[in-house]
Each structure stands twice: as C-alpha cells, then as structure tokens.
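Whatever order the structure lists them in is the order used to number ligands and atoms, beginning at 1. This chain uses plain numbering: 1 for the first residue, then up along the sequence.
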Amino acid sequence: MDYLTITSIRDRPAISILASVVAYGALYIVLRAVYRLFLHPLSAFPGPRLAAATSLWKAYYQCTGSFTHHLIDLHKIYGPVVRIQPHELHFQSTDAFFDIYNTKNRWDKDAALYHSFGEDESSFGYVSHLEAKERRDVLSKIFSPKAVEEAEHLILMKVNNFCAALTRQNAAGKPSDLLFAFRCVTMDVITYLCFGQSGNAVDEPDFHDPLIEAMHNSTALVPVFFHFKIIRKLIMGMPPEMAKKSAPETAGLINMQVLLKKQIDRHVNDPETLETLPHKTTIYHILLDPKSHKSRGPASAKSLYEESQALMFGGGDTTANVIMVGTFYLLKRPDLVQKLQDELREYWPDLVPGREPKLSVLEEMPFLNAVIKESLRIGPGIPSGLPRIIPAGGAVVDGNKVPAGTVVSTSSWFVHHDESIFPEPDVFKPERWQGEQAKELEKYLVPFSKGARMCLGFNLGWAELRMVFAHTYRKFDLELADESPRADHLPWRDVFGPNYQKPNLTVWMRPAKG
Ligand code: HEM
C-alpha cells in the first residue's frame, strides 16, 4: 500500500508536466493556425483553409499524388493565385511566370525545396543569386554555344553508339523501350562530356542500365525528401552496403555515387590524374582550376560531387523525356512522321558514316525544329513550381502586391497550356511553330525557364534534341509495339520532374533502307 502511494506521488508531477506541454503545444498550434488564417499578410489570398493553416496540407498532396494536377484543379476553383502553404503562393498566369522568372530579378531560390536534393553546393542547389552566378560563369566553359559546338564530335560519337544499339536490339527480334533508351543516350553524353567517363548505358541489355533504373526509382522519393528531411538524411547517411540492402531498387545510384566519389578524390588529391581523361573540358578540369572561382579557390570534393549529381539529374531525364514525348505524339500521326523523314532525306541524302549533317545544318531544318519545339511545349518538362523568395521591399506578381519573405512559384506547364497563347494546348501541332505567327510564339516557349537561373544546359540540351531526333528518324522506321500505351496522353506524376507511369513507350526500330 505504502509502495503504491509513493510511486503515484512521484508520477504525478511527470504526468502533469507532460499534460501541460501537450496543452501548451496544442494551444500554440491553434493560435498559430488562427494567426495564419486571419492575421497573416497572406490571409487575403484565396486557397484551401487547411493550406493556409499548415504546411502539412502541401506535404500530404505532394507525397500522395501529383501536385501539378492538383494545382490545375485548385486554380479552377480559386482563380489565378492560390495560397498553397501559410507562406507560399502559386500562380497560374503567363504574366506571373514572366514577373517571377526574368533577368532583372535576383530572387533567391527557396532552400526548403532546393536543399532537399543534397546538392547545396552546385549550380542548381546554390540558393543565393551571387553564389550561383559565380558557379554558372565557371561552367559556361562547358555549356556556352561555342563550347557545345566544339564538343559536337563527342555528342555525335555517343549518338552513333546509340543508333548501333537500337539496330542490335531490332536484330535480336526485340522492340526498344524508349523511356529508357533515350535516357541511356542522354546520360552517356553528359557523363562523357562532363566527367570524361561514360558507363556506356546504351550497351546495357534492353537499355535497362542499373544507374538509370535507380534514378527512375528514386524520383518517387523526391516529394518525401522535400518534406521530411530526416528521412533523406537517414537514407543518404547509411553506409553504401546497408543502403543497397534496405532499398535494393536504388543500388545502381549508390554504386554510381561510390564510383564518382572515388574518381573525384583521385583528381582532387592528384590533379595530374586529369591528364588521363580523354578530353580537357570535363567539369573537373574547369572546377579544379585554382583560378576558376573569383571569390574562393577551386571547388571542394563535396561541391564537385554535388555538381556532378546535379548535372546528371538535371540533364539526363529532362532531355530524354522530350524526345520520348515527341515520339509518342508523332507515332499517332503518320503524316507528320512522313513529313519529318522527307525533310531529313532532303538535308541528309545518304547514310554514309562520317557524312552526318553538322549541328549548324540541323538548326536550319524548319520541320525538325518545329517538332522539337512542340515536343518541348506539350511535354511536362519540369512541371513542378520553381519556388523563389520575394526580397525585402516586396514585389508585384501578376498585379498582386506580395510581401517580402513570401515563397512564390509557377512553372512552364501553365504557360504552355495557356489557351490564349496556344489554342488546343493538348493537341500536338508542330505546324504552330511554322508560318507568320511562329516568331511571336517563341517568347512563350519556356521549358528551360527564364532569367538568371534558367537552365544552364540549354545549348547542350538543344544540341542533343536536334541530333537524337534527326538520327532516330533518319536512320529508322518506327512502329509502335503491342505493349506500348495507346492512350491519348502519357500519364505522369509530378515528382519535381515527371514520373511516367507504365507501360513504357515501346517501339520497333527498323533500320531505314538508305
Ligand atoms: C530539354 C532538356 C532540359 C530541360 C527541359 C531543362 C529544364 C530546366 C529548368 C526548367 C531549369 C530551372 C530549374 C530551377 O529553376 O530550379 C533548369 C536548370 C538547370 N538545368 Fe536544365 N533542362 C534541360 C537540359 C539540361 C541539360 C542537358 C543540362 C546539363 C547537363 C541541364 C542542367 C541544368 C542546371 C545545372 C540547372 C540549374 C541552373 C541554376 O539553377 O542556375 N539541363 N533546367
């Protein structure tokens, strides 16, 4: 009896302390929600009440569905601006796009999103304009129009290897999975150009390269990483063997990380090893040059690794998806394929190796370029909002006064589906890029974003699009395989980039006769 009395006396303060903590915590959450709903500087903006009260609303929709699709519905209900977090607004209009992403603005990227990729010290991940500018200036030695022109022969070599792999696949009596095949060639281009090493992904059986598969599988985790940084830290912090065991589908990515880190350590510790690389324009040559960065010395091993990862993720799937999406729509319209092949034959009469047209010739081909522009427009590109922080003093976005510190975003998807600019936006019409009105339209083609933080790989991306499209349609006759999707559009989920749902676009690639 005595014993019981003593323990209950001892327990009482602990329980009541806990109860007070819970009660105060609950009160804080309620008061904060009331403040956010009624007194916050954004309280007049429309949107779901729960989104205004708590960030968990956005986390729920991003982690369980396709947020861009949800935003399309929200804009139908609430109009051109929607409050999607207590401190965040999403805009729909084309004017808003140009108010946010332009060369005058020096607005920082939102660290809450950009630091969840584990690439904080890279051109993509630096949130401040100044840091990013310095890195971008250095990397322009690889990505400027002149640098890309000088690297043309390297890109061509990889594209020719790709065509040889498609031919082998066909000779083996198998159609090609183009979701993976196009990713293999874009990955081979980036890894060879930027790191002087290439895993030759196009040579993997059925184009199922373990690294690309792992990148594909890992994208589904991206929204979870945005909102629950602890999960990312736990997974990324694991020793490689343990990480492979707990998530076997990402083993290819972990193997790549190990290899890349080894390569980087070798070059950082002994810069003379750079001489062993096949060309002198790798990111290692450029970022390890002591004179490269104005304000700091050469890039650290951490920064080199993060830059490599940013370039692979930024330039691989993005470019490949455009060619895949374009092919999906082209194969629904045999008349368009015929027109493209006729033009290609005119500019590239015979298929003798070594006589492939130069990039400067591909740039001149009207229909090829119209097809690429329409593929860039109709595909989701990077559909997710690209969040920026309104600087001190506030700003006006689409006619709305927005206070400093607010996160604002929109994306190319909304511009490219603006019916007042692109009538019938869901219809694939390359012809909209030809004729009188086409010049006017150019400024609304924004898949690479705009302004100070627009895509760094713009010139390389365009070179790859022209070369891969041209070689694919000049060297092959394409026919949809039975297992290919027949729907009107390819379904995708927004995970920052698009995550395409199965079945994958699968096509017979029969070598063209002459
Ligand atoms: C059709 C292909 C491509 C598309 C649609 C595309 C799209 C984009 C977009 C929309 C952004 C802005 C992201 C943001 O604001 O957070 C971006 C940034 C970037 N892209 Fe691309 N990209 C493509 C190809 C490439 C290629 C080939 C590379 C290089 C290998 C590349 C490297 C980058 C980098 C490093 C950034 C970050 C720039 C910065 O934040 O300052 N991209 N890209």
Tell me the protein heavy atom at minimum distance from [atom], and give that distance in Å.
atom: atom 32 (C) of ligand 1; result: Gly457 N, 3.8 Å
atom: atom 34 (C) of ligand 1; result: Leu456 CB, 3.9 Å
atom: atom 7 (C) of ligand 1; result: Pro447 O, 3.4 Å
atom: atom 21 (Fe) of ligand 1; result: Cys455 SG, 2.3 Å
atom: atom 26 (C) of ligand 1; result: Gly315 CA, 3.3 Å
atom: atom 15 (O) of ligand 1; result: Arg388 NH2, 2.7 Å
atom: atom 24 (C) of ligand 1; result: Thr318 OG1, 3.6 Å
atom: atom 38 (C) of ligand 1; result: Arg136 NH1, 3.3 Å

Does Tyr101 form a side-chain hydrogen bond (donor to acceptor under 3.5 Å, both in side chains) with Thr410? I'd like the steps, not just the answer. CA-CA 9 Å; Tyr101 312 101; Thr410 184; over 6 Å; no
May I ask whether Lys109 has any heavy atom positioned less than 4.0 angstrom from an atom of ligand 1?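 Yes, Lys109 has a heavy atom closer than 4.0 Å to ligand 1.
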Touching ligand 1 at all, Ser123? Heavy atoms, strictly under 4.0 Å?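 For ligand 1, residue contact (heavy atoms, under 4.0 Å) with Ser123 is present.
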Test of proximity, Glu464 against ligand 1: N or O pairs below 3.5 Å: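 The answer is no, given that Glu464 and ligand 1 share no N or O pair closer than 3.5 Å.
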Considering both backbone and side-chain atoms of Glu307, is one of its nitrogen or oxygen atoms within less than 3.5 Å of a nitrogen or oxygen in ligand 1?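 There is no such contact.
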Charged N-O contact under 4.0 Å between [X] and [Y]:
X: Asp137; Y: Lys133; answer: yes
X: Glu442; Y: Lys373; answer: yes
X: Glu150; Y: Lys146; answer: yes
X: Glu374; Y: Arg377; answer: yes

Between Tyr114 and ligand 1, which residue portion shows a heavy-atom distance shorter than 4.0 Å: side chain, backbone, both, or neither?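 The side chain, only.
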For the CD1 atom of Ile372 and the CZ atom of Phe367, what is their distance to the nearest 0.5 Å?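 Nearest 0.5 Å value for the CD1-CZ distance: 11.0 Å.
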Between Phe414 and His75, is a ring-ring contact (aromatic ring centres under 6.0 Å, His included) present by the stated rule, with each step listed? CA-CA 11 Å; Phe414 289 90; His75 281 297; 5.7 Å; yes
Heavy-atom contacts with Thr319 under 4.0 Å: which atoms of ligand 1 show up? List them by number with element.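 Per the distance check, 1 (C), 2 (C), 24 (C), 27 (C).
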Atoms of ligand 1, numbered as shown, that sit under 4.0 Å from any heavy atom of Phe124: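 Counting atoms of ligand 1 from 1, those under 4.0 Å from Phe124 are 16 (O), 37 (C), 40 (O).
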Polar side-chain atom of Asp110 near backbone of Val408 as donor-acceptor pair, under 3.5 Å: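 A pair under 3.5 Å: no.
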Between Asn504 and Asp177, is there a donor-acceptor pair closer than 3.5 Å when you use the side chain of the first and the backbone of the second?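 Not a single qualifying donor-acceptor pair exists.
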